[in-house]
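Notes to accompany the following structure.
The figures that follow rest on heavy atoms only: side chains count, while hydrogens, waters and symmetry mates do not.
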Amino acid sequence: MVIENDKHVQNLFMSILTHAGWQVFSEGYATINLAVVQQFNPDLIILAFDTPHNGVDWAFLQQLKMDDSTAAIPVLVCAAPNSLPSHIAGYLAGRNIRIIHKPFAAAPFIQIIQEILTTASLVYETAAHNSALLVLVVEDNVDLCEMVTLVLKLEGYLVMTAANGKLALETVAVVQHRLILLDLNMPVMNGFEFLAAYTRQPGPHCPVIICSATSDNINPAALPPFVVGTLPKPYHIGYLRTLVKETIQLAWSLS
């Protein structure tokens, strides 16, 4: 779904997206409302945010994210460079809403959409299973991540992975896990930055276990209350299994 007042820009979106194989529905701000979005239930909303709409674009985005029926729909904001005030840009980043600046080339635009839709598809497919056993492993070391994933799957858990805190935030924004295993030293967004951003998200927050070779140097008092433990590296497989099992059982009993 494309929400854009300018008919010429609407037609440009329609041309690019239809040629890429997607079904597209477009509306202007004067006629769009939550009922229309609920009726079409789009896989993605592309929201123009760079022309004067008397604040209606910002207000409509807030409506989308506050209503349970539309909150999980991914949103891609299209904006002119430097057109977004800092508080709005901060809100978008905190809610994992992607931004693309005009003018843009078709190829990167399509790539961003494919990334958003692929992530959403994987998230929803995994969430369709038993979320009581869903664990998120946030780790940039590929070999280590694969090892932990294998161990957990052999124990019967459903496992999702993220290579950095930013990808992890995109996942937890739409899926409620039973446990997060969090590395601290990662590119793009490290573990501490993830914890700060996750704290700002609406709850409930699932338990987090910090995985680090330097976990002994961490001050527990400086951590959010949903951080329930630490797992030293290198891993002791037996302790990993026990800690995960006990933490999930406790979280389940309290839910």
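- Of the inter-residue distances, the one linking Leu44 atom CG with Gln114 atom CD reads 11.5 Å to the nearest 0.5 angstrom.
- Remark: Asn185 engages no residue in a side-chain contact (heavy atoms from CB on, under 4.5 Å) (not counting sequence neighbours).
- The two residues Leu169 and Ala197 come nearest to each other via the heavy atoms CD1-CB, 3.4 Å.
- Contact of the Val135 side chain with the Ile248 side chain is registered, since non-hydrogen atoms from C-beta on lie closer than 4.5 Å.
- Using a 4.5 Å cut-off on side-chain heavy atoms (C-beta onward), Leu179 and Ile209 make contact.
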Inset, instruction - Please lay out, stage by stage, how Ile46 and Phe109 fare under the test side-chain contact (heavy atoms from CB on, under 4.5 Å). - result: CA-CA 11 Å; Ile46 299 174; Phe109 177 57; 3.8 Å; yes
Inset, instruction - In sequence, state the C-alpha distance, the side-chain angles, and the governing distance for Val208 and Val228, and then conclude on side-chain contact (heavy atoms from CB on, under 4.5 Å). - result: CA-CA 6 Å; Val208 174; Val228 297; over 6 Å; no
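- Within the structure, salt bridge (Lys or Arg N to Asp or Glu O under 4.0 Å) pairs that include any residue of residues 157-166 comprise Lys166-Glu170 (at least two apart or interchain).
- In this structure, Leu223 and Leu195 have side chains that are in contact, with non-hydrogen atoms separated by less than 4.5 Å.
- Here the shortest heavy-atom pairing between Ile97 and Val75 reads CG2-O, 3.3 Å.
- Connection of Val188 to Met160 is not established within any shared hydrophobic cluster, with ILVMFWY side chains joined at heavy-atom distances below 4.5 Å, either directly or through further cluster members.
- When hydrophobic clusters are built by joining Ile, Leu, Val, Met, Phe, Trp and Tyr residues whose side-chain heavy atoms come closer than 4.5 Å, directly or via intermediates, Leu167 is not grouped with Phe192.
- Contact detail for Ala163 and Pro187: the closest heavy-atom pair is O-CD, 4.4 Å.
- Nearest heavy atom pair, residue Cys206 against residue Tyr198, reads N-OH, 2.9 Å.
- Put simply, the side chain of His177 never gets that close to the backbone of Ile180: no donor and acceptor are under 3.5 Å apart.
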Which side-chain N or O atoms in residues 30-39 pair as donor and acceptor under 3.5 Å with protein atoms at least two apart or in another chain?
residue: Thr31; atom: OG1; partner: Glu27; partner atom: OE1; Å: 2.1
residue: Thr31; atom: OG1; partner: Gly28; partner atom: O; Å: 3.4
residue: Asn33; atom: OD1; partner: Ala35; partner atom: N; Å: 3.0
residue: Asn33; atom: OD1; partner: Val36; partner atom: N; Å: 2.9
residue: Gln38; atom: NE2; partner: Ser69; partner atom: OG; Å: 2.8

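- Summarising the geometry of Gly165 relative to Phe194, their closest heavy-atom pair is O-CD1, 3.5 Å, with the distance given to 0.1 Å.
- Leu154 belongs to a hydrophobic cluster with Leu150, counting contacts under 4.5 Å between side-chain heavy atoms of Ile, Leu, Val, Met, Phe, Trp and Tyr, direct or through other members.
- Residues His101 and Ala80 come closest through the heavy atom pair CD2-O, 3.8 Å.
- In terms of the salt bridge (Lys or Arg N to Asp or Glu O under 4.0 Å) criterion, residue partners of Glu155 (sequence neighbours excluded) are, by chain and number, Arg241.
- Considering only residues two or more places apart in sequence or on other chains, Asp43 meets the side-chain contact (heavy atoms from CB on, under 4.5 Å) condition with Leu117.
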Inset, instruction - Determine, step by step, whether Leu17 and Val2 satisfy the side-chain contact (heavy atoms from CB on, under 4.5 Å) criterion, reporting the C-alpha distance in whole Å, the side-chain angles of both residues, the deciding distance to 0.1 Å, and the verdict. - result: CA-CA 10 Å; Leu17 298 172; Val2 175; 3.9 Å; yes
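- Counting heavy atoms from C-beta outward, Ser15 and Asn11 have side chains that stay 4.5 Å or more apart.
- Between Phe49 and Phe60, the distance separating the two ring centers is not shorter than 6.0 angstrom.
- Applying the side chain to side chain donor-acceptor pair (under 3.5 Å) rule to Glu246 yields no partners; only residues at least two apart in sequence or on another chain are considered.
- A donor-acceptor contact shorter than 3.5 Å links the side chain of Thr247 to the backbone of Leu243.
- Residues passing the side-chain contact (heavy atoms from CB on, under 4.5 Å) test with Asn41 are Ile73, sequence neighbours excluded.
- Between Asn164 atom CG and Glu193 atom CD the span is 10.0 Å, to the nearest 0.5 Å.
- Thr70 OG1 to Leu64 CG: the interatomic distance, rounded to the nearest 0.5 Å, is 5.0 Å.
- In this view, Thr242 satisfies the side chain to side chain donor-acceptor pair (under 3.5 Å) rule with no residue, not counting sequence neighbours.
- When side chains are defined from C-beta on, Asn190 does not count as touching Leu184, because their heavy atoms never get closer than 4.5 Å.
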Legend entry - Check against salt bridge (Lys or Arg N to Asp or Glu O under 4.0 Å), Glu146 and Lys153: CA-CA 10 Å; Glu146 290 179 352; Lys153 285 185 175 180; over 6 Å; no
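- The shortest side-chain heavy-atom distance between Tyr235 and Val148 falls under the 4.5 Å cut-off.
- Taking the side chain to side chain donor-acceptor pair (under 3.5 Å) definition, one finds that Ser26 meets it with Gln10, sequence neighbours left out.
- At least one side-chain heavy atom of Val9 sits less than 4.5 Å from a side-chain heavy atom of Glu4.
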Legend entry - Residues Leu76, Leu47; criterion side-chain contact (heavy atoms from CB on, under 4.5 Å); working and verdict: CA-CA 6 Å; Leu76 174 62; Leu47 193 65; over 6 Å; no
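- Here Met14 contributes atom CE and Gln23 contributes atom CD; the two are 10.5 Å apart, rounded to the nearest 0.5 Å.
- Between atom SG of residue Cys211 and atom CG of residue Leu240 there is a gap of 7.5 Å, rounded to the nearest 0.5 Å.
- One distance of note links SG of Cys78 with CD1 of Ile100; it measures 6.0 Å at 0.5 Å rounding.
- Test Leu182, Asp183, Thr161 against Val138 for side-chain contact (heavy atoms from CB on, under 4.5 Å) and you get one pass: Leu182.
- Contacts of Ala20 classified as side-chain contact (heavy atoms from CB on, under 4.5 Å), with partners at least two apart in sequence or in another chain: Trp22, Ile110.
- With sequence neighbours excluded, the residues forming a salt bridge (Lys or Arg N to Asp or Glu O under 4.0 Å) with Glu115 are Arg98, listed by chain and number.
- Without hydrogens or angle criteria, His236 side chain to Pro232 main chain gives no donor-acceptor distance under 3.5 Å.
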